[in-house]
Structure formats: structure tokens, C-alpha cells
Amino acid sequence: MSDNLTGTTVLVVGGAKNLGLAIATRAAELGAHVVIGARDGDAAQKAAATLPGARGIAIDVTDEATVASAAADLGAVDHIVSLAAAHHNVAVADLDHDRTVTAFEAKVIGPLLLAKHFAPSMPASGSIVLFSGVAAWKPSPGKAVMGITNGAVSFTASHLAKELAPIRVNAVSPGIIDSGTWDGMPDSDRAALFDGVAGSIPAGRVGATADIVDAATWLLTAGFVSGETIHVEGGARSA
Ligand SMILES: NC(=O)c1ccc[n+]([C@@H]2O[C@H](COP(=O)([O-])OP(=O)(O)OC[C@H]3O[C@@H](n4cnc5c(N)ncnc54)[C@H](OP(=O)(O)O)[C@@H]3O)[C@@H](O)[C@H]2O)c1
């Protein structure tokens with residue numbers, strides 16, 4: 001096993017910011033031709049312009065036509081990482097049908113469509129990395145949709161691993177990660193969240209972006225790992 005991605009093409013869906021951009025950056029450092037996919041094609045191209053040799057493309061995994069168009073445009077890619085998420089964190093009594101469907105489209109149906117359109121031209125050495133999340137294993141009122149969709153990601157990885165073999169399919173399940181996605185919260189709320197998590201999990205801290213980047217890029221090159229969910233959450237499931 002090597003972490004060398006030289007000469008491979010790595011498509012990062014949801015790659016224009018936060019964890020996706022960090023994974024795209026590491027992949028480029030490891031020698032990959034990186035393609036950043038984002039709902040906003042301009043944002044994808046702007047992010048790609050920060051990486052050597054990268055390109056950006058519009059992909060909205062809730063819109064199959066954009067997935068099909070990207071697959072036709074890009075041709076064979078070696079690896080796909082999908083970070084798309086559309087959380088709908090409300091009590092079950094307050095569920096909105098369309099937002100619930102979109103949450104499943106982003107995390108589950110979207111990856112199936114990526115597999116449908118890209119896998120036929122991926123090489124046997126190719127792989128797909130999906131993004132789950134610790135909420136799947138920690139039921140909590142108001143987090144049912146996030147938990148169920150993240151749990152379904154894990155089953156999506158194992159089922160796709162069987163059907164697409166020898167293409168490998170795995171998932172990363174992050175815990176609370178200081179990825180940038182929490183930056184919109186008021187500072188005091190974010191600090192309280194992070195302190196609470198740090199104080200309640202074995203690792204004693206929230207995750208760093210590098211924790212997730214390490215796991216995701218390892219999975220791209222871990223040639224004997226398929227159908228797995230790698231938990232990168234500081235032991236949070238046992239907390
Ligand atoms: N950070 C954490 O604490 C944490 C914890 C557990 C799990 N995770 C999971 O890790 C992944 C990355 O999280 P993050 O922290 O980097 O947060 P994030 O920025 O919210 O990541 C989600 C990414 O998905 C993209 N996206 C959303 N809908 C999409 C769609 N329909 N098609 C294509 N792309 C779409 C977003 O881009 P645009 O909105 O710009 O289109 C964004 O780049 C997510 O799946 C998240 O659920 C994160």
C-alpha cells in the first residue's frame with residue numbers, strides 16, 4: 001500500500017470548501033489530478049484554481065442530469081470522494097417532507113447516482129469514499145434524519161463494495177470536527193459545543209480537519225479495504 005496518488009484522477013464532490021477542499025488539497029499534494037465538484041460550478045472552479053492542475057465542475061448529486069453530464073465530460077476517474085450533505089435537524093413532529101428527501105438524496109441517493117454514472121468507466125483499481133457521521137450511532141432527539149441518513153451511508157458503502165467490485169467502496173464516519181462548517185455559529189455556542197464534546201469523549205478533544213483528511217486519503221490507497229466504515233471520532237460512540 002502506498003499513499004502515492006500520482007497520475008490518478010480524484011473527483012471530490014463537495015470539494016469547494018471545508019473537509020472536501022482539504023481532501024482535494026492533500027490529493028493534489030500526493031500527485032493526483034484533482035477535480036472539484038460543487039453545486040456552484042463557479043465555486044468549484046475558484047477552489048480548483050488554488051490547486052496545481054486541478055479543475056472544477058458543477059455537480060449537484062440531487063440532480064441526476066448534472067451527475068450524468070459530469071461523468072460524460074470527465075470520462076474515467078480513478079477515485080471519487082463524496083461529502084455532500086443536507087442535514088434536516090428537527091424533531092420528528094416538525095419534519096418537512098421535501099427537506100427529508102433532500103437529506104437522503106445528498107447522502108444516499110446521490111452516491112448511488114455517482115456509482116451509476118461513473119463506475120462503468122472506473123478502473124479495477126478505483127475506489128469511492130463516502131461520508132457518514134457519528135450521529136448514526138448516537139441517537140438523539142432532533143437528529144433522526146441526520147442519524148438515519150449517515151447510517152444508510154454505511155450500508156451504501158458495503159452494498160456498493162459488493163456490486164462494484166473490484167472497485168472498492170468505503171465510508172468515513174467523522175465525529176465533531178472543527179472543519180469550518182461550525183464557523184457560522186456564534187463563538188460562544190461553538191466553544192460550548194466543542195468543550196462539551198471534548199469533555200465527553202475518550203480523545204478529549206474535537207477532531208481536526210487533518211484527522212479526516214488522513215483517513216480519507218488512506219482509504220483511497222488501502223487496496224485491501226472495501227465495504228468498511230472507518231470511524232474517526234475520538235471514541236465518541238462509546239461516550
Ligand atoms: N464537520 C463535522 O463535524 C462532521 C461531523 C460528522 C459528519 N460530517 C460529514 O462530513 C462531510 C463534510 O462535512 P464538512 O464539515 O466539510 O461540512 P460541509 O462544508 O457542510 O460539507 C458538505 C459539502 O457538501 C456540499 N454539498 C451539499 N449538498 C450538495 C449536493 N447536493 N451536491 C453536491 N455537493 C453538495 C457542500 O457544498 P455547497 O453547500 O457549497 O454546495 C459542502 O461542500 C459531510 O458529509 C458531513 O455530514 C462532518
Side-chain angles (χ1 to χ4, degrees), residues 11-26 35-48 56-70 80-89 98-99 101-114 117 128-138 140 143 145-154 156-157 171-185 190 193-194 196-198 201 203 205-213 215-216 219 229-234 236-237:
L11 168 64
V12 185
V13 178
K17 63 187 183 188
N18 299 334
L19 294 178
L21 182 56
I23 291 166
T25 302
R26 177 76 65 83
V35 182
I36 290 180
R39 286 184 289 185
D40 178 343
D42 290 340
Q45 286 176 15
K46 202 169 159 191
I57 195 164
I59 299 181
D60 179 341
V61 298
T62 71
D63 179 354
E64 184 172 4
T66 71
V67 177
S69 163
I80 299 173
V81 183
S82 182
L83 300 101
H87 300 308
H88 180 41
N89 292 333
D98 290 353
R99 290 196 64 189
V101 170
T102 302
F104 277 88
E105 288 183 325
K107 283 263 175 176
V108 183
I109 301 169
L112 289 170
L113 295 175
L114 290 169
H117 290 284
I128 299 174
V129 173
L130 306 178
F131 265 76
S132 178
V134 69
W137 288 270
K138 299 287 284 183
S140 170
K143 304 279 175 57
V145 173
M146 183 165 67
I148 295 165
T149 53
N150 278 324
V153 171
S154 197
T156 304
V172 175
S173 177
I176 298 298
I177 311 296
D178 188 5
S179 64
T181 197
W182 304 102
D183 289 0
M185 288 176 86
R190 187 174 64 252
L193 170 69
F194 285 4
V197 170
I201 66 173
R205 65 173 176 85
V206 298
T209 293
D211 294 318
I212 302 302
V213 173
L219 281 172
T229 297
I230 305 298
H231 298 273
V232 188
E233 30 86 305
R237 282 167 302 148

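Just so you know, ligand 1 is whichever comes first in the structure, and atom 1 is the first atom listed for that ligand. This is a predicted model, so every value here is computed, not measured.
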Side-chain donor/acceptor of Arg99 to backbone N/O of His87, under 3.5 Å: yes
Contact partition for Thr181 relative to ligand 1, non-hydrogen atoms under 4.0 Å: side chain
Ile176 N/O to ligand 1 N/O under 3.5 Å: no
Rounded distance (nearest 0.5 Å) linking atom CD1 of Ile176 with atom OG1 of Thr181: 10.0 Å
Protein heavy atom at shortest distance from atom 35 (C) of ligand 1: Ala84 CB, 3.6 Å
Close-contact set for ligand 1 against Val61 heavy atoms, below 4.0 Å: 30 (C), 31 (N), 32 (N), 33 (C)
Contacting atoms of ligand 1, where contact means under 4.0 angstrom from a heavy atom of His87: 47 (O)
Under 3.5 Å donor-acceptor, Thr149 side chain and Phe104 backbone: no
Per-atom contacts, ligand 1 versus Ile59 - under 4.0 Å to a heavy atom: 32 (N), 33 (C)
Leu114 side chain near Val67 side chain, heavy-atom distance below 4.5 Å: yes
Closest protein heavy atom (residue, atom, distance) for atom 3 (O) of ligand 1: Ile177 N, 2.8 Å
Atoms of ligand 1 close to Ser132 [distance to a heavy atom under 4.0 angstrom, numbered from 1]: 7 (C), 9 (C)
Nearest protein heavy atom with distance in Å, relative to atom 19 (O) of ligand 1: Asn18 ND2, 2.8 Å
For atom 4 (C) of ligand 1, the protein heavy atom that lies nearest, with its residue and separation: Gly175 O, 3.7 Å
Donor-acceptor under 3.5 Å (Lys107 side chain, Phe131 main chain): yes
Val134, Val213, Val172 screened by side-chain contact (heavy atoms from CB on, under 4.5 Å) with Val232, the one that passes: Val172
Donor-acceptor contact present, side-chain Thr66 to main-chain Asp60, <3.5 Å: yes
Any Thr209 side-chain heavy atom under 4.5 Å of Leu19 side chain: yes
Salt-bridge criterion met for Asp183 and Lys17 (N-O under 4.0 Å): no
Test item, Gly37 contacting ligand 1 (heavy atom, 4.0 angstrom): no
Structural part of Glu105 in contact with ligand 1, heavy atom criterion under 4.0 angstrom: neither
Contact atoms of ligand 1, heavy-atom distance to Trp182 under 4.0 Å: 1 (N), 2 (C), 3 (O)
Ligand 1 versus Ala85: contacting region, heavy-atom distance under 4.0 Å: both
Value rounded to 0.5 Å, distance of OG in Ser154 from NE2 in His231: 6.0 Å
For atom 6 (C) of ligand 1, the protein heavy atom that lies nearest, with its residue and separation: Pro174 O, 3.4 Å
Proximal ligand 1 atoms for Ser179, defined as those under 4.0 Å from one of its heavy atoms: 1 (N), 14 (P), 15 (O)
Numbered atoms and elements of ligand 1 in range of Phe131, under 4.0 angstrom, heavy atoms: 10 (O), 11 (C), 45 (O)
Donor-acceptor contact present, side-chain Trp137 to main-chain Gly151, <3.5 Å: no
Reference residue Leu83; test side-chain contact (heavy atoms from CB on, under 4.5 Å); the match among Leu130, Val13, Ile23, Asn18: Ile23
Leu83-ligand 1 polar pair, N/O distance under 3.5 Å: yes
Per-atom contacts, ligand 1 versus Asp60 - under 4.0 Å to a heavy atom: 30 (C), 31 (N), 32 (N)
Nearest-option assignment for atom 47 (O) of ligand 1, heavy atoms, candidates Lys107, Arg39, Glu233: Lys107
Closest protein heavy atom (residue, atom, distance) for atom 36 (C) of ligand 1: Lys17 CE, 4.1 Å
Lys143 side chain reached by Lys138 side chain, heavy atoms, under 4.5 Å: no
Side chain, backbone, both or neither: Ile212 near ligand 1, heavy atoms under 4.0 Å: neither
Heavy-atom nearest neighbour in the protein, as seen from atom 25 (C) of ligand 1, with distance rounded to 0.1 Å: Gly14 CA, 3.8 Å
OG1-CG distance between Thr229 and Leu219, expressed to the nearest 0.5 angstrom: 9.5 Å
